[in-house]
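Step one of this worksheet: look at the structure below.
On a predicted model such as this, the values are computed, not experimentally measured, just so you know.
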There are 4 protein chains.
Amino acid sequence: MREQQMLDAAVRIFGQRGYMAASMDEIAELAGVSKPLVYLYLNSKEDLFTACIRREAAALTEAVRAGVRPGLPADRQLWDGLRAFFAHTAEHPDGWSVLHLQARTHGEPFAAEVTAMRAEIVAFVTRLVAVAAREAHRDPDLPEHEVAGLAEALVGAAESLAAWANATPGTTARQAAATLMNFAWAGLGNLMRGQVWTPPAEPA
Amino acid sequence: MREQQMLDAAVRIFGQRGYMAASMDEIAELAGVSKPLVYLYLNSKEDLFTACIRREAAALTEAVRAGVRPGLPADRQLWDGLRAFFAHTAEHPDGWSVLHLQARTHGEPFAAEVTAMRAEIVAFVTRLVAVAAREAHRDPDLPEHEVAGLAEALVGAAESLAAWANATPGTTARQAAATLMNFAWAGLGNLMRGQVWTPPAEPA
Amino acid sequence: MREQQMLDAAVRIFGQRGYMAASMDEIAELAGVSKPLVYLYLNSKEDLFTACIRREAAALTEAVRAGVRPGLPADRQLWDGLRAFFAHTAEHPDGWSVLHLQARTHGEPFAAEVTAMRAEIVAFVTRLVAVAAREAHRDPDLPEHEVAGLAEALVGAAESLAAWANATPGTTARQAAATLMNFAWAGLGNLMRGQVWTPPAEPA
Amino acid sequence: MREQQMLDAAVRIFGQRGYMAASMDEIAELAGVSKPLVYLYLNSKEDLFTACIRREAAALTEAVRAGVRPGLPADRQLWDGLRAFFAHTAEHPDGWSVLHLQARTHGEPFAAEVTAMRAEIVAFVTRLVAVAAREAHRDPDLPEHEVAGLAEALVGAAESLAAWANATPGTTARQAAATLMNFAWAGLGNLMRGQVWTPPAEPA
DNA sequence: CATGAATGAGAATTCATTCAT
DNA sequence: AATGAATGAATTCTCATTCAT
């Protein structure tokens, strides 16, 4: 409905110009409505931005969730999740810019929204790492603090690769995911010895 | 000289308030000079911001370069570089904010500056990976595109961990570097099997 | 009917917020009708305000008229009129605010409405003074211009006392009227007997 | 200096249009300066309005004070004060409008400023009445509450007559003062002698 | 008769930028 | 070399007013 058009426009402008440089005039014009209407539906620039963040965060987590099947082995789940993540960010660059760049740069109220979403994703990855450790019968267990750092690094690498993949033409979500899986799962040391993590064959 | 004071002030204000929210008034006041003087030395807000980016980028790359000794083995070089990187970003949070957050959020001209610096660092890491591959007599060689992606992921993970380390009290540069080395060098798969990358003993 | 509800709401809002700060939205909401309906009955904000002024002016003059019995002596008529006036303004503070404060502060068209009502009351008082003069067989007659000024002063004092009585808790309409009668009638009584205060001679 | 020009313009616009209807644009234009300059000297519309009120209040009380010589008899002091008051309000109608109409209609912070000035004037009049009572050897003393009401009524009558005199062409400050003195002094004179108007008994 | 939905016009306020000295 | 004083151009937000139904 009307509100969605406005959010579409806002995400696009916020994503490209940045929160502060975006003007409500421009957003209204791109949405094809008058400025007062924007204020009627979304009360202020802050509220509008928050609504954008929430919508994009929900869309991204939903995309990842939809890409993963819970029953499968941990590496397969990670692989699927990464592909979904890279595919979604590639398809919604402005939304990704809002989440990854804009929201974190403009004060606590906004950053907190993204932090919440990120925490959800980091928790998901952390669970996967724990499962993998159990599957590998690792003993003794990895210390918790270490796991947190690893998950953080993995998510950070993914976020960074998303920007890289978007900016490097010809890089598909699949390739980005494969690169990261190799890096993360096998490790550079293994890679040196030729031990490469192999993505499972695609059905389609 | 006078220009450095202005840049100091600008980096601090830009880093804390963000590019758009920073006002030239505030910067001039913090620098202890009059506003027209700022315009005399640095022609506009954009130019001032660009100068900040360039200075901080140079400082960061220089810090990393100074931390690394070229003759040593690749893993040692990476370890040293990471520690220098985490130490520098921890000591210059405003500068890091300007580079990592602000510059990337406000349009091409600024983002390009950071991209250039980043490219330099990625190239350095890429060389290290290539050296490591040669040291390990890996055969066949890793494809170039793959190496680029790995370096990208490594740098992205480092950037992400820098923010995480800054925000997590009690996390030292050394710990952050160790976490990342473990992740990168050994790989999760190895970690599962208990093969941990061990940092070399510290001399001091 | 419906129109009266709207005027009730309008008087309340105009009286409390002031003409400009009052919003048609608020008035419509308080009246329990939709905004277009307000525009249907009363064409614009200006017209609505004018209607409020007229209604409140009529109510006030009617209240005073109803309080006075024409046959009685002049001082009794004045006393009754003042009591009615103070009682009405105390019971309708918003209406009095509209007449005394708002209408006079927002340009000619509105001020003129109040001026008309005021003229009616001043004329009534002027008649009373004339009657009193006749009753006192004053000779020679007070000049007309003087009588007008006295009536004006009396009405002004009453208006001022109304605000004072409203703002001073525990002051009844009766007390306010008594104070003013004391002030005014004793003075007028002297005037009737030809005892005039004479200004000192001017040097220039 | 520059600030006075702005206040001149502001008093004129506020006095004629009213506080809310006055636009900073119009004020700046009339002052012959740019809008930001107005904000540089006087921080906001509210502050500007407050500054106007203070300046006009000071000017009015100063004019009255300058017109009165303390040593003279009470009636002469009152006469002189009234003439000064009517002369000043006639010469500064916009300032008078700001004080008498605008400031009282737009919320406490502003009304309080005028209330303070008015309290000063009422106190002055109250002292005069007390002096007059002593001069007339009145016994018993007028009750304090009664004196307050009388002073209030006298000041209110004066305020009201000021508007009347301004609006009635050919009425001089001298005439207005004479009318009010006649009204007030004769009345007060009687009161001094203990001649009080007695309200008729209430039936209920 | 009644309204939900929409807007054109204008409000206060801020800021990067520049003269005149 | 340095600045106090000044402004053009935006920006967010509000409100009286009107269609289409």
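DNA chain F lies under 4.0 Å from at least one heavy atom of each of the following residues of residues 38-46 of chain A: A:Tyr39, A:Ser44, A:Lys45. Contacts between residues 27-35 of chain A and DNA chain F, counted as heavy-atom distances below 4.0 Å, involve A:Lys35.
The distance from atom CG of C:Leu37 to atom P of F:dT17 is 16 Å, rounded to the nearest whole Å. Rounded to whole angstrom, the span from the CE atom of A:Met1 across to the C1' atom of E:dG4 amounts to 13 Å. The distance between atom CZ of C:Phe49 and atom P of F:dT17, rounded to the nearest whole Å, is 14 Å. Counting to the nearest Å, the P atom of F:dG4 and the CD atom of D:Glu3 are 18 Å from each other. We find that CZ of A:Arg17 is positioned 15 Å from C1' of F:dT11, with the value rounded to whole Å.
Across all strands, A:Ala21 comes closer than 4.0 Å to no nucleic acid atom at all (heavy-atom distances).
Under 4.0 angstrom from either OP1 or OP2 of E:dA2 there lies at least one side-chain N or O belonging to C:Arg2.
Within the 3.5 Å criterion, the main-chain N or O of B:Ala57 finds a donor-acceptor partner in the side chain of B:Thr61. Remark: the backbone N or O of A:Ser23 is not paired with any side-chain donor or acceptor of A:Lys45 at under 3.5 angstrom. In this structure, the side chain of D:Thr50 engages the main chain of D:Glu46 through a donor-acceptor pair within 3.5 Å.
Mapping A:Met24 and C:Asp25 onto DNA chain F by nearest heavy atom places A:Met24 closer to the 5' end of the strand. Each of B:Pro36 and A:Met20 lies near DNA chain F, and the nucleotide nearest B:Pro36 is the one positioned closer to the 5' end.
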Full working for side chain to side chain contact (heavy atoms under 4.5 Å, CB included) between A:Tyr19 and A:Val98: CA-CA 8 Å; A:Tyr19 173 61; A:Val98 164; over 6 Å; no
Candidate pair C:Arg2 and C:Val38, rule side chain to side chain contact (heavy atoms under 4.5 Å, CB included), full reasoning: CA-CA 10 Å; C:Arg2 216 59 165 278; C:Val38 177; over 6 Å; no
Audit row: C:Trp96, C:His100, ring pair (Phe, Tyr, Trp, His ring centres under 6.0 Å) steps and yes/no: CA-CA 6 Å; C:Trp96 177 240; C:His100 183 53; 4.8 Å; yes
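Closest approach of A:Leu99 to A:Met117, counting heavy atoms only: CD1-SD, 4.1 Å.
In this structure, B:Arg104 pairs ionically with B:Glu159, as a charged nitrogen and a carboxylate oxygen lie closer than 4.0 Å. Electrostatic pairing of C:Glu29 and C:Lys35 does not count as a salt bridge here, judged by no charged N lying under 4.0 Å from a carboxylate O. A salt bridge does not link D:Asp47 with D:Arg54: none of the charged nitrogens is closer than 4.0 Å to a carboxylate oxygen. Salt bridge present: A:Arg55 and A:Asp8 bring a charged side-chain N and a carboxylate O closer than 4.0 Å.
Base-pairing analysis of DNA chain F finds the following stems of at least three consecutive Watson-Crick or G-U pairs, with both pairing distances under 3.5 Å: E:2-21 with F:2-21.
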